[in-house]
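All values below were derived from every heavy atom in this structure, side-chain atoms included, with hydrogens, water molecules and symmetry-related copies excluded. Just so it is clear, the structure is predicted and the values come from calculations on it, not from any experiment. Counting convention: from 1, in listed order, for ligands and their atoms alike.
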Amino acid sequence: QRGGSNLDAVEQGIWVTESAGDGSVGLSGGPNAAGVVQLDACIMNGPDHKAGSVAGLEGIRHPISAARRVMEKTRHVLLVGEGARMFALEEGLESVELNSREKYDLWQKQRAAQKSKPAEKKPAGHDTIALLVLGANGNLAGGCSTSGLGGKLPGRVGDSPIIGSGLYVDNEVGAAGATGLGENVMRYCASFLIVEFMRQGMSPQEACVKAIRRIIQNEPKGANLSINFVALDKHGRYGAAGTDGGFQYSVTMPGSSRVLPNPGIGTVER
Ligand code: ASP
């Protein structure tokens with residue numbers, strides 16, 4: 001609104017969640033099966049169509065900043081694991097100890113308790129922030145950050161740092177982002193798909209719904225997909241759709257900020 005940098009808005013917005021201790025993004029994220037928190041993030045800028053990502057990043061407070069540095073300071077798009085960590089440290093990003101023994105023990109206890117519950121009562125143990133920005137200058141940007149799936153195999157990378165899956169920005173059309181089970185998002189390049197649906201003339205809401213329907217069509221009956229999308233177009237229209245009952249999204253415009261309920265599949269146009 002004040003004409004500042006869209007990328008600053010994305011990065012600083014995501015910092016808030018990375019620092020919030022919500023158990024699935026940044027410092028507080030759930031550890032993998034080896035007891036290690038591995039973080040994934042990406043960022044994308046509309047005007048020059050540049051992108052940066054990090055995956056399996058350990059011990060860095062703000063993975064979104066590492067992703068932005070990859071985009072702005074290297075000729076690469078994606079850095080993983082120890083290479084990503086070394087790069088972030090060289091860039092002077094803050095490092096922290098994420099992998100406490102206590103955290104691992106706690107996760108093991110929770111896991112044992114969950115084993116006795118019926119499948120549908122088990123918490124998903126994952127979440128992501130996907131943040132899309134339309135600046136006063138009419139340009140788009142977006143970012144995504146997560147600790148991925150609690151208990152994932154060491155080295156597992158989900159959709160969130162994969163451009164076109166967890167996030168996609170096209171400055172001529174719009175932007176989309178995802179949260180949910182990364183495996184069910186990345187097999188369909190879902191954020192890219194949603195942006196392409198918008199290019200064909202669909203509203204953000206219609207595009208999110210259509211992407212979910214497309215994926216559901218191909219999946220075995222009753223599969224617990226856990227896929228949720230948000231989208232924003234060049235004109236400032238927005239929409240979302242998800243398969244998770246608890247999925248909410250928030251919309252901030254000049255003078256107002258609202259958290260909206262799960263719009264479900266097929267919710268009417270906003
Ligand atoms: N998409 C994330 C992943 O699979 C997790 C989530 O958003 O719930 O890594």
query = Taking the side chain as C-beta and beyond, is there a heavy-atom pair between Glu183 and Arg156 under 4.5 Å?
reply =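 With C-beta onward as the side chain, the pair touches.
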
Could you pull out every donor-acceptor pair under 3.5 Å between side chains of residues 129-146 and any protein atom, sequence neighbours left out?
from	atom 1	to	atom 2	distance (Å)
Asn137	OD1	Asn139	N	3.0
Asn139	OD1	Asn171	ND2	2.8
Ser145	OG	Glu18	OE2	2.6
Thr146	OG1	Asp127	O	2.6
Thr146	OG1	Thr128	OG1	3.2
Thr146	OG1	Gly148	N	2.8

ask   = Parallel, tilted or perpendicular: which fits the ring planes of Tyr168 and His49, with parallel below 30° and perpendicular above 60°?
value =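 Aromatic pair Tyr168/His49 classed perpendicular.
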
ask   = Shared ILVMFWY cluster between Ile60 and Met86, side chains joined below 4.5 angstrom?
value =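 In one cluster: no.
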
ask   = Given Leu181, Thr179, Asp159, Thr146, which one has a non-hydrogen atom that is nearest to atom 3 (C) of ligand 1?
value =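 When every heavy atom of Leu181, Thr179, Asp159, Thr146 is considered, Asp159 comes closest to atom 3 (C) of ligand 1.
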
task = Ignoring hydrogens, just give me the one of Met186, Arg156, Gln38, Glu183 whose non-hydrogen atom is nearest atom 9 (O) of ligand 1.
result =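 Looking at heavy atoms only, the winner is Arg156.
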
query = Which residue owns the protein heavy atom closest to atom 7 (O) of ligand 1, what's the atom, and how far is it?
reply =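 Of every protein heavy atom, Thr128 OG1, 2.4 Å lies nearest to atom 7 (O) of ligand 1.
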
Top protein contact for atom 8 (O) of ligand 1, by heavy-atom distance =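 Scanning the protein heavy atoms, the shortest distance from atom 8 (O) of ligand 1 goes to His126 ND1, 2.4 Å.
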
request  = Can you sort out which atoms of ligand 1 are near Gly180, meaning under 4.0 Å from one of its heavy atoms?
outcome  =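 Per the distance check, 1 (N), 2 (C), 3 (C), 4 (O), 5 (C), 6 (C), 7 (O), 8 (O).
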
Per-atom contacts of ligand 1 with Ser160, taking only distances under 4.0 Å to non-hydrogen atoms =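 Near Ser160, the atoms of ligand 1 are 1 (N), 2 (C).
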
message = Using modelled atom types and a 3.5 Å cut-off, is there a donor and acceptor pairing between side-chain atoms of Asp40 and backbone atoms of Gly56?
response =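 It does hold such a pair.
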
message = Checking the N or O distance criterion of under 3.5 Å, is ligand 1 in contact with Ala178?
response =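 N/O-N/O distance below 3.5 Å does not exist for this pair.
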
request  = Output the rest of the hydrophobic cluster of Met202: all Ile, Leu, Val, Met, Phe, Trp and Tyr residues reachable through side-chain heavy-atom contacts under 4.5 Å, sorted by chain and number.
outcome  =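 Besides Met202, the hydrophobic cluster comprises Leu193, Phe197, listed by chain and residue number.
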
